[in-house]
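Heavy atoms only: backbone and side chains are in, while hydrogens, waters and symmetry mates are out.
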Amino acid sequence: MSTQQMEVSKHELKEQVGRCMFGERLVIEHEGKRFSARVQHVGVTGVKVVPETDLLEHEGEPGDLNGVTVSYDDIREVEVGDVIYQLK
């Protein structure tokens, strides 16, 4: 099974992010930095995420991590199943 990549508009990307479940991967660009993160919770005004670097360095229980909320405007890519939706 191969991963398919699709370029989408900002509106379409937000729709796909809205369908995300816990643990799905996003690429975020915030204050000039780009990083991948995992979804904790999708909200009305943004998405609570845990940067993957935090996950790699964490030695406790998964529920011990406190994520950060990012704006939908900061999201550049979302991976849902075997499809990666990228902002045009």
Side-chain angles (χ1 to χ4, degrees):
M1 180 167 64
S2 64
T3 302
Q4 178 185 3
Q5 293 188 350
M6 296 179 63
E7 286 191 350
V8 295
S9 68
K10 186 175 276 196
H11 176 76
E12 291 170 299
L13 185 66
K14 185 176 177 180
E15 283 183 0
Q16 292 302 325
V17 172
R19 295 183 180 124
C20 280
M21 298 175 67
F22 178 82
E24 291 185 295
R25 184 182 157 277
L26 301 174
V27 173
I28 311 295
E29 190 171 302
H30 183 72
E31 296 178 354
K33 296 180 181 175
R34 194 175 198 128
F35 61 94
S36 60
R38 297 293 173 156
V39 172
Q40 269 192 325
H41 173 76
V42 176
V44 175
T45 60
V47 181
K48 190 171 185 180
V49 300
V50 176
E52 287 189 331
T53 53
D54 291 355
L55 290 172
L56 293 173
E57 296 169 358
H58 185 67
E59 295 180 6
E61 296 295 317
D64 292 345
L65 286 171
N66 193 13
V68 295
T69 301
V70 295
S71 166
Y72 283 102
D73 290 336
D74 292 342
I75 299 170
R76 298 293 176 256
E77 181 178 295
V78 60
E79 186 175 332
V80 180
D82 61 348
V83 180
I84 297 173
Y85 298 92
Q86 297 175 317
L87 188 60
K88 289 182 189 176

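Here the closest non-hydrogen pair linking Ala37 and Pro51 is CB-CA, 3.8 Å.
The salt bridge (Lys or Arg N to Asp or Glu O under 4.0 Å) contacts involving residues 17-26 comprise Arg25-Glu77, Arg25-Glu79, where partners must be two or more places apart or lie in separate chains.
Side-chain contacts under 4.5 Å among hydrophobic residues (ILVMFWY), followed directly or transitively, place Phe35 together with Met6, Val8, Leu13, Val17, Leu26, Ile28, Val39, Val42, Val47, Val49, Val68, Val70, Tyr72, Ile75, Val78, Val80, Val83, Tyr85, Leu87.
Once rounded to the nearest 0.5 Å, the distance linking CZ of Arg76 with NZ of Lys88 reads 15.0 Å. Considering OG1 of Thr69 and CD of Gln40, their distance stands at 8.5 Å, rounded to 0.5 Å.
Under the salt bridge (Lys or Arg N to Asp or Glu O under 4.0 Å) criterion, Glu15 pairs with no residue at all, not counting sequence neighbours.
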